[in-house]
Number of protein chains: 2
Amino acid sequence: MVTVYDVARLAKVSSATVSRAVNNPEAVSDETLARINKAIGKLGYAPNRIAQSLKTRSSATVGVIIPDITNPFLVKVVKGVEKTLSAAGYTPILCDTEESPEKEERYLHDLLARRIDGLVLVPAMDSQVAVPLLKKRGLPTVFVDRFISPDFDCVKSNNVSGLALLVGHLFQQGRTHIRMIGGPQRTVVGRERNEAFLALLDRYRLPRNESSLVQGDFTIEGGYRLAVEMLKVRPHPQAIISANNLMGIGALKAIREAGLRFPDNLDLVVFDELGDMGELLDPPLTFVRQPALEMGAQAAEMLLERMRGGGMPTPRSLVFEPALVSR
Amino acid sequence: MVTVYDVARLAKVSSATVSRAVNNPEAVSDETLARINKAIGKLGYAPNRIAQSLKTRSSATVGVIIPDITNPFLVKVVKGVEKTLSAAGYTPILCDTEESPEKEERYLHDLLARRIDGLVLVPAMDSQVAVPLLKKRGLPTVFVDRFISPDFDCVKSNNVSGLALLVGHLFQQGRTHIRMIGGPQRTVVGRERNEAFLALLDRYRLPRNESSLVQGDFTIEGGYRLAVEMLKVRPHPQAIISANNLMGIGALKAIREAGLRFPDNLDLVVFDELGDMGELLDPPLTFVRQPALEMGAQAAEMLLERMRGGGMPTPRSLVFEPALVSR
DNA sequence: CTGTTAGCGCATTCAA
DNA sequence: TTGAATGCGCTAACAG
């Protein structure tokens with residue numbers, strides 16, 4: 001492997017000057033710079049980032065931990081993060097926890113041992129150790145979507161207004177008997193959407209009882225199962241809201257299997273988008289879109305600020321307004 | 001940060017012994033081992049992988065470069081890779097080139113500078129530098145899906161038999177006037193599927209002319225555009241084959257917009273699957289499935305072998321048989 | 001503007 | 001079984 005010393009020898013300078021030529025060219029005279037660059041070209045030298053990291057105590061690396069790489073929303077968030085981070089010279093390391101707190105913890109320790117400079121985290125549902133661990137280590141961190149600690153920066157979208165868009169849409173369509181496949185109460189996102197739903201039923205003076213809301217788990221299978229149950233009860237609701245995209249997919253499957261003509265007999269609307277194929281559904285679903293790309297980009301920006309500005313200002317939350325995509 | 005020296009001091013041993021205790025516990029007496037472990041626990045010591053890497057010249061890191069993180073097939077491949085790689089103690093670094101050779105090259109250099117131990121590569125369509133670069137550096141590499149050099153290991157699926165499944169299916173349905181939205185000729189995958197299609201038309205004695213096959217680009221937009229063109233011509237084909245999943249999405253959209261009842265007036269079948277939402281299409285598409293998870297896992301296995309077995313046996317190709325999912 | 005020196009944290013000789 | 005010494009490749013004082 002070619003090192004600074006090889007370059008130094010060829011260019012007849014010291015290793016320190018080679019280092020300067022690479023990292024701070026202004027500090028080197030034009031002629032030596034030229035000589036060094038020629039040597040670098042000839043030898044095909046590239047700095048060993050491992051050695052750099054050890055010396056500078058900065059790996060130019062950022063962890064990105066998400067619970068499901070299959071989720072179109074998260075993929076877009078990751079794309080946004082990746083774009084602004086790599087533009088700033090950082091390499092993101094993407095980890096998929098598959099919603100498992102144990103995996104999350106393992107990844108966290110691995111990333112920490114790799115001396116990441118920062119972290120973008122969408123915590124797993126039952127994440128327990130992440131928050132205290134990160135707090136102790138003082139690692140610059142930005143949470144996305146799931147706001148589980150007021151001590152960290154967070155980028156999320158407004159679940160209350162998002163749900164208001166959904167309920168308002170249904171109300172306008174004249175649907176009054178509405179039920180929701182909600183999120184898990186143990187997650188903030190789930191709680192926020194669930195509570196918003198119940199409050200909205202009251203605000204619109206729509207019928208509400210204990211079966212208006214069932215607790216889901218944000219998975220396709222869960223959405224399917226709960227929708228099947230819902231459809232067993234007569235009369236059907238006039239509309240079902242799914243608290244996230246994955247459960248919406250499951251619910252749609254259940255509706256199809258029940259032989260119901262959607263949206264004639266029954267309308268289905270979803271919080272969050274379904275990806276490229278969403279518009280291919282016939283008829284297409286109405287849903288609420290979160291600006292995922294933008295959210296990812298902003299999360300990365302916040303992280304960059306934190307990583308630069310050694311200081312620790314108070315944590316900030318950035319809340320995006322979702323938009324109704326009516327079909 | 002807590003180092004071997006901190007542990008050494010607390011346990012009243014040398015740093016070397018601490019290192020042994022961590023990496024090779026058998027080489028340390030039971031009592032000192034116990035003392036060291038206690039100290040490790042008390043201090044919360046974890047080895048600095050950066051320093052380890054510098055010393056051992058191995059980063060326990062593997063690059064995974066793919067052209068599109070949005071593609072459900074690739075996501076599954078990545079999942080497969082990730083699973084077996086992380087089980088073996090490696091951390092994958094995922095990079096999305098968005099089908100851009102320039103991005104691919106940048107990532108490659110970055111990963112090389114980070115001293116990755118190996119690489120799983122799904123090259124961008126016009127990838128030029130990757131092969132010579134990797135060959136020169138001698139980095140253990142496994143290609144997936146796109147077999148662009150006989151000098152490297154490769155995991156792919158059998159495009160010829162996959163297409164045979166598709167054409168055979170249509171033939172059985174009595175469709176004789178078939179056209180295909182093909183892949184780009186400049187990619188191996190595209191060429192293989194295109195040629196297979198033409199050969200199959202002949203084998204089944206189906207009508208074939210210069211408009212039987214149009215060259216696509218494997219994108220949603222491209223598939224849409226070409227399908228629109230196809231549908232302008234009278235009479236319509238009885239069936240359209242899309243050479244990949246993304247173009248299939250576009251084609252389906254075009255068919256819908258043309259007001260054609262699918263599959264009554266026109267059948268559409270696709271090479272590769274459409275992800276979780278595929279089965280929600282009404283009616284569902286018939287497609288050919290590649291064992292993506294398995295392919296990823298096997299690619300990782302091959303890579304592990306290469307990384308361990310310093311030697312360089314001849315490159316191997318692993319070809320998977322796709323399966324027809326008939327709807 | 002340039003060179004000398006030292007050390008980041010660790011694993012690995014080589015002796016003991 | 002253990003310790004002392006060394007160097008992985010680089011950058012950052014500090015001198016000159």
Side-chain angles (χ1 to χ4, degrees), chain A residues 1-40 43-61 89 109-117 137, chain B residues 1-40 43-61 89 109-117 137:
Chain A
M1 211 180 50
V2 30
T3 75
V4 272
Y5 293 102
D6 301 318
V7 177
R9 199 177 318 120
L10 185 58
K12 300 193 188 310
V13 291
S14 75
S15 67
T17 306
V18 175
S19 178
R20 282 188 205 103
V22 172
N23 300 306
N24 188 18
E26 302 84 39
V28 175
S29 81
D30 287 355
E31 26 188 352
T32 44
L33 185 60
R35 239 177 31 248
I36 291 173
N37 281 332
K38 208 169 72 181
I40 287 178
L43 297 175
Y45 167 77
N48 182 330
R49 317 260 315 201
I50 305 252
Q52 278 183 328
S53 298
L54 183 60
K55 179 65 193 180
T56 63
R57 301 152 161 287
S58 150
S59 59
T61 261
H109 280 115
D110 184 71
L111 293 174
L112 252 16
R114 290 185 188 285
R115 297 300 185 267
I116 50 172
D117 296 329
R137 302 283 296 241
Chain B
M1 212 181 52
V2 30
T3 75
V4 270
Y5 294 102
D6 301 318
V7 177
R9 200 176 318 121
L10 185 58
K12 301 196 188 308
V13 292
S14 76
S15 67
T17 305
V18 175
S19 178
R20 282 188 204 103
V22 172
N23 300 305
N24 188 18
E26 302 82 39
V28 175
S29 80
D30 286 356
E31 25 188 356
T32 44
L33 184 59
R35 243 180 25 251
I36 290 174
N37 280 332
K38 208 169 73 182
I40 287 178
L43 297 175
Y45 168 77
N48 182 331
R49 318 258 321 201
I50 304 255
Q52 278 183 327
S53 298
L54 183 60
K55 180 66 192 176
T56 63
R57 298 150 162 289
S58 149
S59 60
T61 261
H109 281 114
D110 184 72
L111 293 175
L112 252 15
R114 290 186 187 285
R115 297 301 184 265
I116 50 172
D117 296 329
R137 303 282 297 241

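This structure is a prediction, so every number in the text was calculated from the model and none was measured.
Heavy atoms of A:Ser53 sit nowhere under 4.0 angstrom from any nucleic acid atom. Nucleic acid contact class of B:Val18 (heavy atoms, under 4.0 Å, all strands): none. Across all strands shown, B:Arg57 has heavy atoms under 4.0 Å from sugar-phosphate atoms exclusively, and none from any base. Here B:Thr3 lies in heavy-atom contact (under 4.0 Å) with sugar-phosphate atoms only. Nucleic acid contact for A:Thr56: sugar-phosphate only, since backbone atoms but no base atoms lie under 4.0 Å from a heavy atom of the residue.
Atom CG in A:Asp6 sits about 13 Å away from atom C1' in D:dC8, given to the nearest Å. Summarising the geometry, the separation between CD1 on B:Ile36 and C1' on D:dG3 is reported as 12 Å, rounded to the nearest angstrom. Between the CD1 atom of A:Ile40 and the C1' atom of D:dG9 there is a distance of 14 Å, given to the nearest Å. Protein atom CG of B:Asn23 is 13 Å distant from nucleotide atom P of C:dT13, rounded to whole Å. Taking atom CG of A:Asp30 as the reference point, atom C1' of C:dC1 lies 11 Å away to the nearest angstrom. Across the protein-nucleic acid pair, B:Lys55 atom NZ and D:dC10 atom C1' stand 15 Å apart, rounded to whole Å. Summarising the geometry, the separation between CG on A:Asn24 and P on C:dC1 is reported as 10 Å, rounded to the nearest angstrom.
The nucleotide whose nearest atom lies closest to any side-chain atom of A:Ser29 is, among D:dT11, C:dA11, C:dC1, C:dC1. Picking from C:dG3, D:dG3, C:dA6 the nucleotide with the shortest atom distance to the side chain of A:Tyr5 gives C:dA6. With D:dG9, C:dT2, C:dC10 as the candidates, the nucleotide lying closest to the side chain of A:Asn48 is D:dG9. Picking from C:dC10, D:dT11, D:dC10 the nucleotide with the shortest atom distance to the side chain of A:Tyr45 gives D:dC10. Distances from the side chain of A:Ser14 to the nucleotides C:dC14, C:dT4, C:dC10 place C:dT4 closest. Between D:dT11, D:dT1, D:dC8, one nucleotide has an atom nearer to the side chain of B:Thr32 than all others, and that is D:dT1.
Taking OH from B:Tyr45 and CD1 from B:Ile36, the interatomic distance works out to 11.0 Å, rounded to the nearest 0.5 Å.
Side chain of A:Asp117 to main chain of A:Ser59: a donor-acceptor pair is present (N/O by atom type, distance under 3.5 Å, no hydrogens or angles). A distance-only check finds a donor-acceptor pair linking the side chain of A:Arg115 to the backbone of A:Leu112 [under 3.5 Å].
Among B:Asn48, B:Thr17, B:Ile40, B:Val18, the single residue meeting the side-chain contact (heavy atoms from CB on, under 4.5 Å) criterion with B:Val4 is B:Val18.
Taking the nucleotide of DNA chain D with the nearest heavy atom to each of A:Leu54 and B:Glu26, the more 5' of the two is matched to B:Glu26. Take the nearest nucleotide of DNA chain C for B:Arg49 and for A:Glu31: the residue whose nucleotide is more 5' is A:Glu31. Mapping B:Arg20 and B:Pro47 onto DNA chain C by nearest heavy atom places B:Pro47 at the nucleotide closer to the 5' end.
Within the 4.5 Å cutoff, side-chain heavy atoms of A:Val13 are placed close to those of A:Arg35.
Using a 4.0 Å cut-off, some side-chain N or O of B:Gln52 falls inside it from OP1 or OP2 of C:dA11. Dashed line: the shortest gap from a side-chain N or O of A:Thr17 to OP1 or OP2 of C:dT2 is not under 4.0 Å.
For A:Arg115 and C:dG9, a side-chain-to-base donor-acceptor distance below 3.5 Å is absent, hydrogens and geometry of angles not being considered.
Between the side chains of A:Arg114 and B:Thr61, a donor-acceptor pair is found at a separation under 3.5 Å.
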